Amino acid sequence: MSAGALQHVASMYAGVAAPPLIIGGAVGLTASQLTTLLAANLFLAGVATLLQTLGVWRIGSRLPFVNGVSFATVSPVLAVVAAKQGAALPLIFGSTLIAGVACFLLAPVLCRLVRFFPPVVSGTVITLIGVSLLPVAGNWAQGGDAHARGYGSPGNLALAGVTLLAVLLFNRFLRGFLQRIAILCGLLVGTLVAVPFGKVNLHALASLPVFELPHPFAFGAPRFETASIVSMLVVMLVAMTESTADMIALGEVVERPADDRTIAAGLRADGLATALGGVFNGFICSAFAQNIGLVALTKIRSRFVVALGGAFLIVMGLMPMVGGLVSLVPQPVLGGAGVVLFGSVAVAGLRTLGKADLSAGSNALIVAVSLALGIFPIAYPDFYHAFPQQLATILSSGISAGCLAAITLNLLFNHLGRGLSRSSVQAPS
């Protein structure tokens, strides 16, 4: 049972660690602060997973469902960071709190709106999530700080290349559990290679406590602004769509179809965990699709095995030393692994788009325009610089811009005036 639980933790650990590492690096957190942020998100991932698997009242799907911080959070948060700099985290946590409460309260209604997020919409958004994160991997590979000495040096790029090569080789030649933790193995190899070159600061671990309870509002009292709240609400909708699709898929795997009541209970768990994130320095929570594949692969369908994995995550979140070990990984090493990690997100989006009928002219047009509007702010970060600040904050996230465009165009072409076409009501997956 414990081995199965550890497999789930290993499969999703890199996905949980990456968003706080990206966001913390963008804000300019110290190693100690970054450890706090990472520990908080591990702790909240464990809480969310326990809520989903064991359930309390009408909260939780009671499926072997792993939850954690959503990748969809990263791009909109980076847009807020770019606009607000040092004041960004209180604003982000305030907006996350509002988004979580909205998700919890509106879950019974929103679970019925899944038809407005067919594969043509959800696939476009997931693709944009991956595409928007790839520049982050490129920045990491160069060193992470454009003003630091050696940024973009051959040594940094070589270290990223070694890590990428290790991940690819592990994926090619390892099997089973070891293949599933290929990214973690690649990070370990890259970090070990970096040690002789003085790129790993082991002294940072000395000041970290072995055990520490999470502190509410560790980065300051939450702040609230309309633009960032709207951005987080959009991300929450994307995360809810992702969770809904994964609950449907997981229900089929474990031969327990997810009905509206199950989905609503699962979304309440997402909302509660996200609201707690706003208090305890976390981000928006959603499903981890890779763990559904693990359930299908191992045939271990017990929700209690996954619940044990959630308990492991909580223990890891209460031990800053674990987060400290992850924060030792040099930026170029993260960049090498990020190529695979973030590229895989984009591929997942393309796979979802493959389930849409792109031979229909309207669907192809929806994808084309939405991707374009989503990629503009990724390729040109100042694309909306002349817009009012609050509107620019929303549109400067490729995910938010692309998601709004995809939803609007899907309504225009597939709903208004012609009823619900078969392609428009297909549940995302």
Side-chain angles (χ1 to χ4, degrees), residues 1-13 15-16 44-72 100 103-104 106-115 117 122 126 180 236-277 284-314 348 352 426-429:
M1 185 171 178
S2 59
L6 287 172
Q7 281 191 93
H8 279 286
V9 173
S11 295
M12 55 94 71
Y13 185 85
V16 174
L44 289 165
V47 170
T49 299
L50 287 179
L51 285 173
Q52 287 288 9
T53 52
L54 302 181
V56 178
W57 184 58
R58 296 182 180 178
I59 302 170
S61 62
R62 292 174 172 81
L63 292 169
F65 199 45
V66 177
N67 270 49
V69 56
S70 172
F71 265 112
C103 175
F104 184 89
L106 298 176
V109 176
L110 294 173
C111 74
R112 296 185 176 91
L113 298 181
V114 65
R115 66 183 185 277
F117 291 84
S122 58
I126 296 169
R180 290 198 164 271
M236 192 76 246
L237 279 173
V238 173
M240 291 167 68
T241 304
E242 187 177 352
S243 286
T244 299
D246 288 338
M247 276 186 271
I248 293 171
L250 185 57
E252 294 175 357
V253 169
V254 300
E255 299 178 353
R256 191 190 131 193
D259 55 17
D260 281 358
R261 184 171 181 175
T262 299
I263 293 172
L267 294 180
R268 285 192 191 96
D270 280 357
L272 179 56
T274 298
L276 289 173
I284 288 176
C285 285
S286 72
F288 270 64
Q290 60 265 42
N291 291 84
I292 296 175
L294 187 58
V295 171
L297 179 68
T298 62
K299 309 297 184 184
I300 299 175
R301 301 176 179 181
S302 171
R303 61 192 175 106
F304 298 105
V305 171
V306 177
L308 182 58
F312 285 154
L313 286 167
I314 290 177
T352 302
Q426 183 181 353
S429 56

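In this text the structure is predicted, and so the values were computed from the model without any measurement.
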* Structure fact -> Checking Ser286, Ser70, Cys103 against Met240 for side chain to side chain contact (heavy atoms under 4.5 Å, CB included), the one that qualifies is Cys103
* Asked: Is the shortest heavy-atom distance from the side chain of Leu44 to the side chain of Val69 under 4.5 Å?
  -> no
* Asked: Which is it for Phe65 and Leu250 under the side chain to side chain contact (heavy atoms under 4.5 Å, CB included) test, yes or no, and what are the steps along the way?
  -> CA-CA 8 Å; Phe65 199 45; Leu250 185 57; 3.7 Å; yes
* To do: Grab the two heavy atoms, one from Pro64 and one from Ser302, that are nearest each other, plus how far apart they are.
  => CB-O, 4.0 Å
* Asked: Which atom names give the shortest non-hydrogen contact between Leu54 and Ala307, and what distance separates them?
  -> CD2-CB, 3.9 Å
* To do: Check side-chain hydrogen bond (donor to acceptor under 3.5 Å, both in side chains) between Asp260 and all other residues, then give those that pass, not counting sequence neighbours.
  => none
* Asked: Is there side-chain contact between Asp259 and Ile263, with heavy atoms separated by less than 4.5 Å?
  -> no
* Under the side-chain hydrogen bond (donor to acceptor under 3.5 Å, both in side chains) test, which residues partner Ser61, sequence neighbours left out? -> Gln52
* Asked: Can a donor-acceptor pair be found between the side chains of Asp270 and Ser243 at a distance below 3.5 Å?
  -> yes
* To do: State, to 0.1 Å, how close Asn67 and Ala48 come at their nearest heavy-atom pair, and which atoms those are.
  => CB-CB, 3.6 Å
* **Which residues share a side-chain hydrogen bond (donor to acceptor under 3.5 Å, both in side chains) with Thr53, sequence neighbours left out** => none
* Excluding sequence neighbours, so at least two apart, what forms side chain to side chain contact (heavy atoms under 4.5 Å, CB included) with Phe104? -> Ile59, Arg268, Leu272
* To do: Compare every heavy atom of Arg62 with every heavy atom of Arg303, then report the nearest pair and how far apart it is.
  => CD-O, 3.3 Å
* Non-hydrogen side-chain atoms of Thr49 and Ile314 separated by less than 4.5 Å -> no
